[in-house]
Amino acid sequence: MLSLATPRTIMRLLSTLKSLFHSHSQRPHRPMPAMRSPQPYLERYIPLEDLRESFGGRMPLQLVKLVARDILTALRENEKRGIIHGDINQNSIVMSTRDLNWLLARFRDDDSDSEGVDDSFSTGSFEEQFPTVFRLGIVDAHPRISLSVRSPEAILEAPCGVSSDLWSLACVIYLLLTGELLFDPGFQCADLGLTPDESHIIQMIEMLGDFPEDLVRRGTESKKWFHPDGTPILQTYKSCCGLS
């Protein structure tokens with residue numbers, strides 16, 4: 001059977017996310033321009049979410065590595081041009097219908113032995129067997145960022161750089177590996193009287209620590225939730241953590 005993610009894989013992913021949280025790119029970037037399919041009438045593009053659902057919510061580790069390889073390559077090219085995508089989620093990562101069918105035939109029915117498979121995200125011989133399959137989908141002037149994969153910059157409305165796209169990609173990869181959201185902005189909103197943004201911020205702090213002070217200073221919406229020194233002013237967060 002194909003291998004699924006191990007706890008070590010998840011911990012490495014979370015470590016990467018924590019590094020992004022505390023190291024934000026301040027290089028100015030411009031939003032990615034609207035894109036069109038190179039063959040709009042010859043090929044229909046399918047969102048990654050459809051492929052994930054075909055595997056019952058959790059995708060094989062080897063297949064997730066292909067997603068990471070292709071999208072990181074695309075983001076590297078965007079970074080060279082000073083462009084951010086701004087709307088990376090499981091629906092804006094796409095593949096052709098032909099590639100979807102090929103991947104399902106290759107991976108869903110694969111009964112090969114997975115022993116000895118490297119569970120890291122480093123490029124290796126396995127990925128080199130496959131051409132580029134996944135690409136970034138269409139965006140417009142007003143990106144529709146999925147709530148659960150929004151970066152801290154997006155929530156605070158701070159200037160976004162490549163770290164914002166990488167954050168969203170890391171959240172998508174977590175979903176592909178585990179079948180669960182890393183952050184759920186709707187969690188306990190009704191029970192605790194939180195807004196989705198407040199719930200999201202609290203979950204980030206609980207998992208990754210305090211927001212960096214420089215990030216808080218750059219966010220135009222930061223004053224809703226933080227003091228100038230970066231400490232949270234959310235009363236619910238203080239109550240949950242036993243703070244006065």
Side-chain angles (χ1 to χ4, degrees), residues 13-35 48 67-68 70-94 135-175 181-186 194-234 237:
L13 179 62
L14 294 178
S15 177
T16 299
L17 199 66
K18 188 168 185 177
S19 297
L20 289 172
F21 185 66
H22 293 285
S23 177
H24 298 270
S25 171
Q26 297 191 42
R27 175 183 171 187
H29 289 71
R30 63 183 187 276
M32 190 169 182
M35 301 180 299
L48 178 61
V67 175
D70 290 350
I71 302 307
L72 285 172
T73 299
L75 292 180
R76 185 182 303 117
E77 293 303 311
N78 283 351
E79 168 70 2
K80 291 178 181 178
R81 294 181 290 164
I83 292 175
I84 61 169
H85 185 279
D87 191 23
I88 292 179
N89 57 68
Q90 61 271 26
N91 289 307
S92 64
I93 298 174
V94 299
R135 64 200 75 191
L136 294 174
I138 297 174
V139 297
D140 56 29
H142 303 284
R144 299 174 298 278
I145 302 175
S146 292
L147 292 179
S148 66
V149 302
R150 286 182 306 165
S151 67
E153 297 99 320
I155 296 175
L156 301 184
E157 296 194 11
C160 291
V162 66
S163 62
S164 183
D165 280 342
L166 290 172
W167 175 285
S168 296
L169 177 59
C171 291
V172 170
I173 290 174
Y174 184 90
L175 173 65
L181 297 175
L182 181 56
F183 301 106
D184 179 5
L194 300 173
T195 67
D197 285 338
E198 289 170 344
S199 177
H200 205 161
I201 289 171
I202 290 173
Q203 292 172 57
M204 288 179 178
I205 293 174
E206 290 178 342
M207 180 177 293
L208 303 171
D210 291 337
F211 273 52
E213 185 177 340
D214 67 315
L215 172 62
V216 173
R217 286 199 306 266
R218 291 186 285 119
T220 60
E221 296 296 307
S222 297
K223 60 182 178 295
K224 291 182 179 179
W225 306 296
F226 294 95
H227 295 292
D229 62 357
T231 57
I233 59 177
L234 292 171
Y237 171 73

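Each residue takes its place number in the sequence, starting with 1.
Of all heavy-atom pairs between Glu198 and Trp225, the closest is CG-NE1, 3.4 Å. Across Cys171 and Leu182, no two heavy atoms sit closer than the pair SG-CD2, 4.2 Å. Residues Val149 and Ile88 share a closest heavy-atom pair of CG2-O, 3.4 Å. Nearest heavy-atom pair across Val172 and Asn89 is CG2-CA, 3.7 Å. Annotation for Lys224 and Ile233: closest pair O-CD1, 3.6 Å, computed over non-hydrogen atoms. The two residues Ser151 and Ser168 come nearest to each other via the heavy atoms N-OG, 4.4 Å.
Among residues two or more places apart in sequence or in another chain, the side chain to side chain donor-acceptor pair (under 3.5 Å) test is passed with Thr73 by none. Here Leu181 pairs with Ser148, Leu175, Asp184 under the side chain to side chain contact (heavy atoms under 4.5 Å, CB included) rule; sequence neighbours left out. Ala158 pairs by the side chain to side chain contact (heavy atoms under 4.5 Å, CB included) definition with Glu153, Leu215, Arg218, not counting sequence neighbours. Residues passing the salt bridge (Lys or Arg N to Asp or Glu O under 4.0 Å) test with Glu157: none are found, sequence neighbours excluded. For Gln203, the side chain to side chain donor-acceptor pair (under 3.5 Å) criterion is met by Ser199, not counting sequence neighbours. Listed by chain and number, the residues in a salt bridge (Lys or Arg N to Asp or Glu O under 4.0 Å) with Asp197 are Arg150 (sequence neighbours excluded).
Using a 4.5 Å heavy-atom threshold, the side chains of Leu48 and Asn91 count as separate. Counting only heavy atoms from C-beta outward, the side chains of Ile173 and Val67 never approach each other to under 4.5 Å. Within the 4.5 Å cutoff, the side chain of Ile205 has heavy atoms near those of the Pro232 side chain.
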Practice prompt. Let me see the working for Asn78 and Leu136 under side chain to side chain contact (heavy atoms under 4.5 Å, CB included), right down to the final yes or no.
Written response: CA-CA 11 Å; Asn78 283 351; Leu136 294 174; 3.9 Å; yes
Worksheet item: What's the verdict on side chain to side chain contact (heavy atoms under 4.5 Å, CB included) for Val94 and Arg135, showing C-alpha distance, side-chain angles and the deciding distance?
Response: CA-CA 6 Å; Val94 299; Arg135 64 200 75 191; 3.7 Å; yes
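Leu156 CG to Lys223 NZ: the interatomic distance, rounded to the nearest 0.5 Å, is 11.0 Å. Taken to the nearest 0.5 Å, the CG atom of Asp70 stands 9.5 Å off from the CD1 atom of Ile93. The CG atom of Leu75 sits 8.5 Å away from atom NE2 of His85, with the distance rounded to the nearest 0.5 Å.
Ion pairing of Glu77 with Lys80 is present here, as a side-chain N (NZ or NE/NH1/NH2) and a carboxylate O approach within less than 4.0 Å.
A tilted orientation is assigned to the rings of Phe211 and Phe226, their planes being inclined by 30° to 60°.
For Asp165 (side chain) and Gly86 (main-chain N/O), a donor-acceptor pair under 3.5 Å exists by modelled atom type.
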